Amino acid sequence: MAVVSEVRDLGRHVGDVVTVRGWVETTRSHGKVAFVVVRDGTGIVQGVVLQKQVPPSVWEDFERLTQETSVTVTGAVREEPRAPGGYELTVENIEIVQVAEEYPIQPKEHGIEFLLDHRHLWLRSSQQRAILRVRNEVEKAIADFYYERGFIRVDAPILTGAIGEGASGLFETDYFGEKAYLAQTGQLYIEAAAAALGKVYCFGPTFRAEKSKTRRHLTEFWMVEAEVAWYDSDDNMRLQEEFVSYIVARALDRCGEELELLERDTSKLENVVPPFPRISYSEAVERLQAKGSTIQWGMDMGAPDETMIAEDFDRPVFVYDYPKEAKAFYMKENPADPRTVRCDDLIAPEGYGEIIGGSQREDDYDRLLARIREEGLPEASYGWYLDLRKYGTFPHSGFGLGLERTVAWITGRPHIREMIPFPRMLNRLHP
RNA sequence: UCCCGCGUAGCUCAGCUGGUAGAGCAGACGGCUGUUAACCGUCGGGUCGCAGGUUCGAGUCCUGCCGCGGGAGCCA
């Protein structure tokens with residue numbers, strides 16, 4: 001009985017007969033010599049079948065192979081520069097687990113609607129596998145970054161009462177006769193946890209029922225949010241630039257193969273080291289007006305504005321201290337200019353747009369209550385949040401980073417729908 | 001919600017000023033001892049998104065609807 005090996009370990013078995021278990025990517029037959037390429041999740045390996053050297057039953061089994069047939073292939077491992085991956089199996093036996101029906105996805109271009117309808121199969125394609133590997137590495141980098149710095153992960157609830165950034169865009173569901181909403185953010189909960197543990201973060205899915213139809217929006221996306229007691233807005237931006245630089249460096253270090261397969265120009269990622277440029281909102285407005293934008297002071301920046309700002313820099317850029325009207329109720333008023341709040345957006349290069357929104361939080365009870373009333377938010381739902389300003393209030397700051405937008409930027413892909421295994425978008429709930 | 005664009009074979013597309021519905025890939029069969037999205041030959045494959053209209057005649061022109069894509073707004 002041959003030893004079972006994962007494809008990535010074949011280099012340790014040169015000269016041995018091993019069994020590989022996986023799925024047939026493609027076959028090529030030449031009459032008396034034939035090739036089968038098998039994928040097992042760790043890599044791909046080519047098997048060569050010589051009609052003279054295998055029993056007739058094995059040759060017949062080869063001829064039954066179709067794309068995505070599940071098989072175990074047994075053969076001797078050889079170094080072979082002509083084979084993808086550098087190793088090749090001289091096939092001695094093929095065991096068919098199931099002959100796959102005609103597979104819808106071919107190694108060629110497909111339309112996005114077709115691919116999304118077949119997302120459960122599309123995941124098997126090489127670029128999609130590479131993207132999911134990069135996502136996995138980014139998720140690990142996030143956990144490592146915070147663990148190394150003494151942050152405690154505090155998971156926020158997904159089912160919530162009416163509480164979030166604003167009243168709009170909430171997915172509603174029934175909770176034993178009471179209305180419940182899918183979380184738009186974990187921030188308010190980890191503000192509570194910051195008073196318990198100091199430095200905390202949460203990481204999980206968040207939901208926005210916005211009818212957005214752009215390459216930067218999903219209705220379900222993953223967000224990692226940090227909250228730090230005693231940090232002001234400047235401390236907050238320093239943490240953000242270290243965090244983003246750490247993630248990018250990790251991807252460059254450990255996902256070289258994937259980024260190459262995705263044809264990412266990694267030289268653009270090498271620049272991503274602190275400090276990131278910082279420009280105030282007011283300065284940004286002046287820059288944009290000089291470039292021809294119609295933005296006026298007081299308006300929020302649109303996506304084209306963000307791209308115009310980013311194109312002047314070779315790394316992410318902070319825009320800070322936005323007008324109060326353009327931002328959420330919980331942001332702290334700027335003592336130096338009360339028209340603005342102490343917040344920042346981090347805009348990624350190359351047109352990827354906002355990947356972080358952060359702020360120092362309003363820690364004064366009366367001002368926070370006034371803002372909740374100004375925004376017309378359901379005051380009763382925010383009682384516990386206001387409590388945090390009654391029992392030992394404290395300066396604190398935090399931010400949220402959109403995982404899919406970050407992975408799209410790192411992988412250089414145009415649309416975030418490929419950055420999550422099963423995207424949820426306007427008009428797309430299946431598969 | 002608004003503004004653009006697109007719906008033709010299983011998939012990707014071509015189809016000109018209206019006149020017999022096409023190719024490549026995939027599939028089936030045959031050939032080939034080193035292929036890399038192999039190649040060569042043969043074959044099957046269509047409610048041209050749906051409904052109406054104009055016309056002797058509509059894949060093609062017009063109207064409405066549906067679906068999808070891109071963008072705006074909103075945001076991460």
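Reminder, nothing fancy here: chain letters follow the sequence lines and each chain counts from 1. These figures come from a predicted structure and were not determined experimentally.
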Completion exercise
Contacts of A:His118 meeting ring pair (Phe, Tyr, Trp, His ring centres under 6.0 Å) (sequence neighbours excluded), chain-then-number -> A:Phe114
Exercise for the section: Identify, residue by residue, the members of residues 49-68 of chain A with a heavy atom below 4.0 Å from RNA chain B, and return them in order of residue number, or none. Expected result: A:Leu50, A:Lys52
Exercise for the section: Anything below 3.5 Å on both distances counts as a pair; with that, list the stems of at least three consecutive Watson-Crick or G-U pairs involving RNA chain B. Expected result: B:1-7 with B:66-72, B:10-13 with B:22-25, B:27-31 with B:39-43, B:49-53 with B:61-65
Fill in the blank from the handout: Those residues at least two apart in sequence (or on a different chain) that pass side chain to side chain donor-acceptor pair (under 3.5 Å) with A:Arg153 are A:Asp155
Problem - Qualifying residues under side-chain contact (heavy atoms from CB on, under 4.5 Å), relative to A:Ser57, sequence neighbours excluded - result: A:Pro55
Fill in the blank from the handout: 5' to 3', nucleotides 38-45 of chain B under a 4.0 Å protein heavy-atom cut-off (B base, S sugar-phosphate only, - none) gives B-------
Practice task
Could I get the full list of salt bridge (charged side-chain N to carboxylate O under 4.0 Å, His left out) partners for A:Glu258, not counting sequence neighbours?
Solution key: none
Exercise for the section: Output all residues satisfying salt bridge (charged side-chain N to carboxylate O under 4.0 Å, His left out) with A:Asp232, sequence neighbours left out; order by chain, then residue number. Expected result: none
Completion exercise
Applying side chain to side chain donor-acceptor pair (under 3.5 Å) to A:Glu379 and not counting sequence neighbours gives A:Arg373
Review item, nucleotides 9-13 of chain B N/O atoms under 3.5 Å of protein N/O:
unit_1, atom_1, unit_2, atom_2, d
B:G10, N2, A:Gln106, NE2, 2.5
B:C11, O2', A:His110, ND1, 2.6
B:C11, O2, A:Lys108, NZ, 2.4
B:U12, OP1, A:Gly111, N, 2.8

Fill in the blank from the handout: Residue set satisfying side-chain contact (heavy atoms from CB on, under 4.5 Å) with A:Glu242, at least two apart, ordered chain then number -> A:Phe145, A:Arg149
Exercise for the section: Sequence neighbours left out, what passes side-chain contact (heavy atoms from CB on, under 4.5 Å) with A:Ser280? Give chain and number order. Expected result: A:Ser282, A:Glu283, A:Tyr320
